[in-house]
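Structure, as structure tokens:
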Protein chains: 2
Amino acid sequence: MTLSEEDYIKTIYHLSDFNSKSVATNAIAEQMNTKPSSVTDMVKKLSEKSLVNYKKYQGVLLSEKGRLVALSIIRKHRLWEVFLVDKLNFSWDEVHVVAEQLEHIKSDALIDKLDAHLGYPKVDPHGDPIPNKDGVFTKSVKKLISELPVGSQGVCVGVNDSSAAFLKFLDKNKIALGDTFKVLEIEEFDGSVTISTRSGSIRISKQIATNLFLEIVDEE
Amino acid sequence: MTLSEEDYIKTIYHLSDFNSKSVATNAIAEQMNTKPSSVTDMVKKLSEKSLVNYKKYQGVLLSEKGRLVALSIIRKHRLWEVFLVDKLNFSWDEVHVVAEQLEHIKSDALIDKLDAHLGYPKVDPHGDPIPNKDGVFTKSVKKLISELPVGSQGVCVGVNDSSAAFLKFLDKNKIALGDTFKVLEIEEFDGSVTISTRSGSIRISKQIATNLFLEIVDEE
DNA sequence: AATTAATTTTAGACAAAACTAAAAAATTGT
DNA sequence: ACAATTTTTTAGTTTTGTCTAAAATTAATT
Ligand SMILES: [Mn+2]
Ligand SMILES: [Mn+2]
Ligand SMILES: [Mn+2]
Ligand SMILES: [Mn+2]
């Protein structure tokens, strides 16, 4: 597999929405910043290698083989993201570009040992699940606090608004990525939410609640 | 810089012996498992970009610009090797192939943070020096114990004989890569050497002494 | 249903990096 | 010194991945 083939496979997987619907040539071209004609060429090649199912003018879907390739690249991408954040102190919004390169390093031993070194994480810094060696992953849910019912619990994994002002606000209120929160109460009147944090429980406004993503850990 | 260009630059640097003598087309071809004609093509391209000085039939030498590129790749290669050994528990003889890929990842921030995470190492797992950001490095010396005078001190960084038997012997005598040794006495009669180790001093035969490399740390 | 618009594919070209075969230059041995 | 050998370069292809321009197909609108 060349680097370019791997990126196409990954893009097709992402655009297919868990491999359920067929992906349009133009959609791939747009996502990858190439021309539709280039996509057609590549898709033909991937079809030759039976990594995708493709019929002219009908769009494209990953084969089972292709799906496993996609998941192995996604696994590498997300493990590297965890490494960059946990070990090298990158912030969660800087890691994607670098992981885009690291995901193509070819060495099974490397990924196994990296996985172990990171303590077999289940989720990347953006709250997205990390497939295991066989491409199995727990389809986790990432939701805004404002969308959750009372009693929900999850790990804070992202923000909608990444302005300096908002991040400063979070800091002041001792809210950080990686923290576990529980929704204690929702105020009907103004939509504000009371959540439990490390340092006791606090109430956050509806505006804040619509800007914080929780990763709901699907208990196994 | 493409991956291929980077590998050529690095190879030319290594073959030029600290950039002192001009490198033959055939030597590059042999080292890189390509044909001489391919090398000529690439060398012309590198010359266009003024990364090398090249005149037909005269061999090639890195320009100052090229030398700095070479050193930045070597820096990355060796830092990744340290990471693989120190953090991921690879053994020192497994890391080269993987580092050969990792050295091409493009991100200054990544290398800075990796360097910090590793504690700013000066030397890679094979005892080779790690250039700093500006391409400066202490030209360190790697020598067999049998070649050292009494009083020499250094870090054990490699073996000549990597047979299981020899490695087992080292293990039994509590000699490991990364240990610091000092030459205490050399026996004229049989060439055996007394060295100080973690666990006191031991005498090793001439045969052992000709199979262990020490990295002599050039005090600055 | 027919025309128009959008999407997708084909045809032909190009740059990067490799190759083979043959020509040119440098080196070596007598 | 000059023929033989080795090294290096040139010329012409190939593969991979991209592009533009034009043709084919499908989708949307009157
Ligand atoms: Mn990528
Ligand atoms: Mn991610
Ligand atoms: Mn390399
Ligand atoms: Mn090394």
Side-chain angles (χ1 to χ4, degrees), chain A residues 1-17 21-63 66 69-70 73 100-101 103-106, chain B residues 1-17 21-63 66 69-70 73 100-101 103-106:
Chain A
M1 296 277 306
T2 67
L3 187 148
S4 194
E5 287 174 342
E6 289 188 348
D7 278 339
Y8 271 98
I9 293 276
K10 206 181 58 162
T11 299
I12 293 167
Y13 178 81
H14 280 133
L15 291 173
S16 73
D17 199 27
K21 59 183 187 220
S22 93
V23 180
T25 303
N26 270 1
I28 301 172
E30 197 179 342
Q31 184 70 27
M32 301 200 57
N33 292 307
T34 58
K35 302 292 164 180
S37 54
S38 307
V39 173
T40 302
D41 286 348
M42 178 57 89
V43 155
K44 277 181 184 167
K45 199 171 70 172
L46 296 176
S47 183
E48 285 299 311
K49 299 189 178 186
S50 58
L51 290 159
V52 301
N53 296 118
Y54 167 68
K55 260 177 279 173
K56 274 193 195 181
Y57 295 101
Q58 304 279 117
V60 69
L61 243 194
L62 293 183
S63 67
V69 169
I73 301 162
E100 202 59 44
Q101 295 178 63
E103 69 189 359
H104 302 288
I105 302 289
K106 278 157 194 61
Chain B
M1 294 276 307
T2 68
L3 186 148
S4 194
E5 287 173 342
E6 290 188 348
D7 278 338
Y8 272 97
I9 293 277
K10 206 181 58 161
T11 299
I12 293 167
Y13 178 81
H14 280 132
L15 290 173
S16 74
D17 199 28
K21 59 183 188 220
S22 95
V23 180
T25 303
N26 270 0
I28 300 172
E30 197 179 342
Q31 184 71 27
M32 300 200 55
N33 291 308
T34 57
K35 302 293 164 179
S37 53
S38 308
V39 174
T40 302
D41 286 349
M42 178 57 90
V43 155
K44 277 181 185 167
K45 199 171 68 172
L46 296 175
S47 183
E48 285 300 310
K49 299 188 177 186
S50 57
L51 290 159
V52 301
N53 296 118
Y54 166 67
K55 259 177 279 173
K56 273 193 194 179
Y57 294 102
Q58 304 278 116
V60 68
L61 242 193
L62 293 183
S63 69
V69 169
I73 301 162
E100 203 59 44
Q101 295 178 64
E103 70 190 358
H104 302 288
I105 302 290
K106 278 157 194 59

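Lettering follows sequence order; numbering is per chain, from 1.
- Separating the CE atom of B/Met42 from the C1' atom of D/dT9 is a distance of 16 Å, rounded to the nearest angstrom.
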When the side chains of residues 53-60 of chain B are checked against the rest of the protein, which donor-acceptor pairs come out under 3.5 Å, sequence neighbours left out?
none

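- Within the 4.5 Å cutoff, the side chain of A/Met32 has no heavy atoms near those of the A/Val39 side chain.
- At C/dA18, one or more side-chain N or O atoms of B/Ser4 fall inside 4.0 Å of OP1 or OP2 (strictly under the cut-off).
- Residues satisfying the side-chain hydrogen bond (donor to acceptor under 3.5 Å, both in side chains) test with B/Lys44, not counting sequence neighbours, are none.
- Listed by residue number, B/Tyr8 are the residues of residues 6-14 of chain B with a heavy-atom contact under 4.0 Å to DNA chain C.
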Distances under 3.5 Å between protein N/O atoms and the N/O atoms of nucleotides 4-10 of chain C, please, pair by pair.
residue : atom : partner : partner atom : Å
C/dT8   : OP2  : A/Asn26 : N            : 2.8
C/dT8   : OP2  : A/Asn26 : OD1          : 3.4
C/dT8   : OP2  : A/Asn26 : ND2          : 3.4
C/dT9   : OP1  : A/Tyr54 : OH           : 2.4
C/dT9   : OP1  : A/Tyr57 : N            : 3.0
C/dT9   : OP2  : A/Thr25 : OG1          : 3.0
C/dT9   : OP2  : A/Thr40 : OG1          : 2.8
C/dT10  : OP1  : A/Lys56 : NZ           : 2.5
C/dT10  : OP2  : A/Lys44 : NZ           : 2.5

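- Shown here are the side-chain hydrogen bond (donor to acceptor under 3.5 Å, both in side chains) partners of B/Gln101, two or more places apart in sequence or in another chain: there are none.
- Looking at residues two or more places apart in sequence or on another chain, you find a salt bridge (charged side-chain N to carboxylate O under 4.0 Å, His left out) between B/Lys49 and B/Glu5.
- The stretch residues 30-41 of chain B participates, sequence neighbours left out, in no side-chain hydrogen bond (donor to acceptor under 3.5 Å, both in side chains) pair at all.
- As rounded to whole Å, 17 Å separates atom C1' of D/dG12 from atom NZ of B/Lys35.
- Under the rule for a salt bridge (charged side-chain N to carboxylate O under 4.0 Å, His left out), the partners of A/Lys106 that lie at least two apart in sequence or sit in another chain are A/Glu6.
- Taking every heavy atom of both residues into account, B/Ala70 and B/Leu62 meet most closely at CB-CD1, 3.9 Å.
- Taking 4.0 angstrom as the limit, A/Ser38 places a side-chain polar atom (N or O) nearer than this to OP1 or OP2 of D/dC19.
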